[in-house]
Amino acid sequence: MTVLEDLINLVSELVLTRNQLLQLVKISDEDSSASAPLQRLNRIVSDLQEGVMKTRMQPIGNAWSKLPRIVRDLTMDLGKKINLDMVGEETELDRQVLEMIKDPLTHMVRNSCDHGVEMPADRVAAGKPETGTVELKAYHEGGFIIVEINDDGKGLDPHKIGIKAVEKGLIDENQRENMSDKQLLQLLFKAGFSTAEKVTNVSGRGVGMDVVRTNIEKIGGTIDMDSTLGQGTKFRIQIPLTLAIISALILEIQGNRYAMPQLNIQELVRIQPDEGDKIEMINDRPVFRLRDRILPLIDSQTLFGVNDAPGSEHLQDTKDEDADEASVGPDLDLANKLIIVVTAGASHFGLVVDAIHDMEEIVIKSISSVLSDTKIFAGNTILGDGNAIMILDPAGIASRFEVTDNMAGAEAGAAAGNTQDDFIHAEKTAMLVFQAGKGAPKAVPLGLISRLQQFDRKDITVSGDGMIVKFQDDLMPMYYVDPENQTLNDHLVTSLVLADDVSDAALGLVIEKVVDIVEGHMDLTTSTARDGVIGSVTLGETVVDVVDIAHYLTSSREDFFSSASHQQKTFAPSSDAGEGAASIATSGVSALIVDDSPFFRNMLKPILSAAGYEVTLSEDAVAAIDLHDKGKMFDVILSDIEMPEMTGYEFVEKMRSDSAWKDLPFIALTSHTTPQDVEYGYEKGFTKYIGKLDKDELIRTIHSVLSSK
Amino acid sequence: MTEPKDNISSQYLILNIGAHSFAVPVMNIQDVIKSINKTPVPLSKANINGLLNLRGHIVTEIDVAKTLGIEGRKHDSKNDFAVVVDIKDEFYSFAFDGIGDVIEIKNTSIDPMPETVQKSWHKVSKGVHKLSDKLLVMLDLNLIVSLISDDKEPSIAIA
């Protein structure tokens, strides 16, 4: 530890002691004789602190001093003519930051000389002066130091970068074609990328731009680049003035205080259950609707929980306590908590905290080596009141919980592949209720919705009687729920995306706004059925129209779903099932669905049809037996368990005992998946058990059952 | 930590956990503190008690009893005292139940740790010193820190 750092530590201690003294005087306010000298002490200590902090500042020129020589040596080696311009050498920044950016800066200047500036002959041919210029510029801007490195060389060719990236396997051809020039340039910062066509003693030392970026991000900075082909390249580095002191929000989780760097905080949101705020669940992951955007949430239990699988334990708890609440989210225990909307690079997430204290300027101290395996902390610090607390690391949290982009909550949930059926509890179904066009509110089973998305009006193309929108590098058909009364007036169009993860196909429904998520019994009244509406259902006090997804699935371009579903890669989770799937799906396998609920029949049919099956529907076991007696034959039978007249158990038992169907695979569709039920079902003759609303698992199960036959 | 040479006696502080007694070289100890006001660190190993502020330094407290797997201590006032040691520029405090006297121990009077004692004790101790009424386990606090740092398991105590 240097003398200076010791001095800084001592001053911090002095400040702390002063604060405690001031606190004491405030409490015993009758003792006013101490307050005057204390005020003076207060001033002196503040000045002293400021002065000591200033000693840490050094001009950035100190880091640049070696550069002219490096550039001169380089010009000799490379046979180029380069002029190095340095502007703003006197700009001051923290000594520590200076140390950290020294090497990245040197590397980037070398890069500009080596790859940027052309050979003199090429420059003349391009109509530029023979001598190239590399400009280094530093200045203050809003609490940051900006360092620019500009050259007037040949610039970067986005197209070339794209092709290189494909060669290196960083992206695939498809991704490349869909990337903008700006995005292509960003590939330069990816690990494993180097544009140097030949390895010289200047480049190819194994230090790529990814290392430069990592170093800069380590100190809380950002790096950006822009390049015009033939005219040059600009790098812009933004770094904080000082590493040592940051402004941080002190927050409280589970009775302990933590610091969150203010730079990463976007906003604070209080959850107000009275005003309809609540936490909802998408496939086990808590999310919050923030101005129609879905924000993935990380709550204290997820963050600090003993269970490594994020969220799972938490959900389990809620389920055990109150099954009815589980599907719409544990909003009760999160009531009146606060969400801190945090950004870390490209990721966004909401951190659920119990309380918020002050904003405080904190001195970051590194954590001891025995704590280095806790990836979610950036350091620790001592607060004004003398307590030591941990500083949360937004980037660490984001990577630990795989929050990789804005919509990652939904995606990560889907990726986890949880086969548990969260949306059905004792025949109850969670429905997303929304307003679209005129008439009653509409509803779609929550399980079918993969996300809520806002599209820019200009990204939507109206073609024929449908619409097409670009979505995740693919074209997605989009429909009005109420074609007569809906138009695309707004700049932003809110849409429900119903994506079939198995076939990679998706479709969008244009809606006005989300009203609620309601759980209710699927007692469908089919008298109101019309095109696009299966019927009506009473949810709580209101009657809502249940949207017929099948209608939209079939009206989407005929080949859309079926062609997509034949792609082998879409069955990736188990390769053997995938093999079977391709051959089975094309040969038109017949399936019988036995279910007394018209809703599920109507929902399952398009799913199976889309996967290439010939589907026959039967409203109960008796009707199914009728079909059997008439000599009908199927390849697979899917049956509900709870049905009037004859249960699924009795049905399968009867069929297994002696019938033409006795060797067929029987798959139980159920919402009851206690181990006892499953055991009982297998005893009676079911081949497999499957939750009703889990499409992926359903398709996968059918494939595996058929291919193992 | 300075290694005591042959035949040179150095001063050791006696520390207790339950019925066990340990000896730590006095030279390395920065401070002996009452172990209070610790800030817990989530996701840390089970034998990390938390952080505390000692005159502007952040000190990480290690629960020696948990590290060594000592269980079933009788009295409730566990982890009363902690000795603060600077190990490679990081400050650590080691929590013990109580502190005893400072005594002189000759380097030659230290016997090797009996082989039957648990592995974890061998890893952090150089040997045993015989007092007339009890045995002192010579603890090397440096080794405790490296033992915890190297351990990939979230909790040594359970393992």
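All heavy atoms count here, side chains included; hydrogens, waters and symmetry mates do not. Residue numbering restarts at 1 for every chain, and letters A, B, ... go by the order of the sequence lines.
- A pairwise comparison of heavy atoms in A:L392 and A:P261 identifies O-CD, 3.5 Å as the closest pair.
- A salt bridge does not link A:R257 with A:E252: every distance from a Lys NZ or Arg NE/NH1/NH2 to an Asp or Glu carboxylate oxygen is 4.0 Å or more.
- Proximity to chain A (any heavy atom under 4.5 Å) is restricted, for B:I48, to the side chain, taken from C-beta onward.
- No part of A:S366 comes within reach of chain B, as not one of its non-hydrogen atoms sits under 4.5 angstrom from that chain.
- For chain B, the nearby part of A:N256 is the side chain; its heavy atoms alone come within less than 4.5 Å.
- The contact between A:I382 and chain B is made by backbone and side chain atoms together, counting heavy-atom distances below 4.5 Å.
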Can you list the steps and then say if B:N28 with B:D86 is a side chain to side chain contact (heavy atoms under 4.5 Å, CB included)? CA-CA 7 Å; B:N28 304 306; B:D86 177 350; over 6 Å; no
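- For A:I376, the part lying near chain B is the side chain, with the backbone staying farther off; criterion is any non-hydrogen pair under 4.5 Å.
- You'll find the side chain of B:V84 reaches within 4.5 Å of the side chain of B:F91, heavy atoms only.
- Pairs of residues two or more places apart, or lying in two chains, never qualify as ring pair (Phe, Tyr, Trp, His ring centres under 6.0 Å) while including a residue from residues 359-381 of chain A.
- Contact annotation for A:S368: both backbone and side-chain heavy atoms come within less than 4.5 Å of a heavy atom of chain B.
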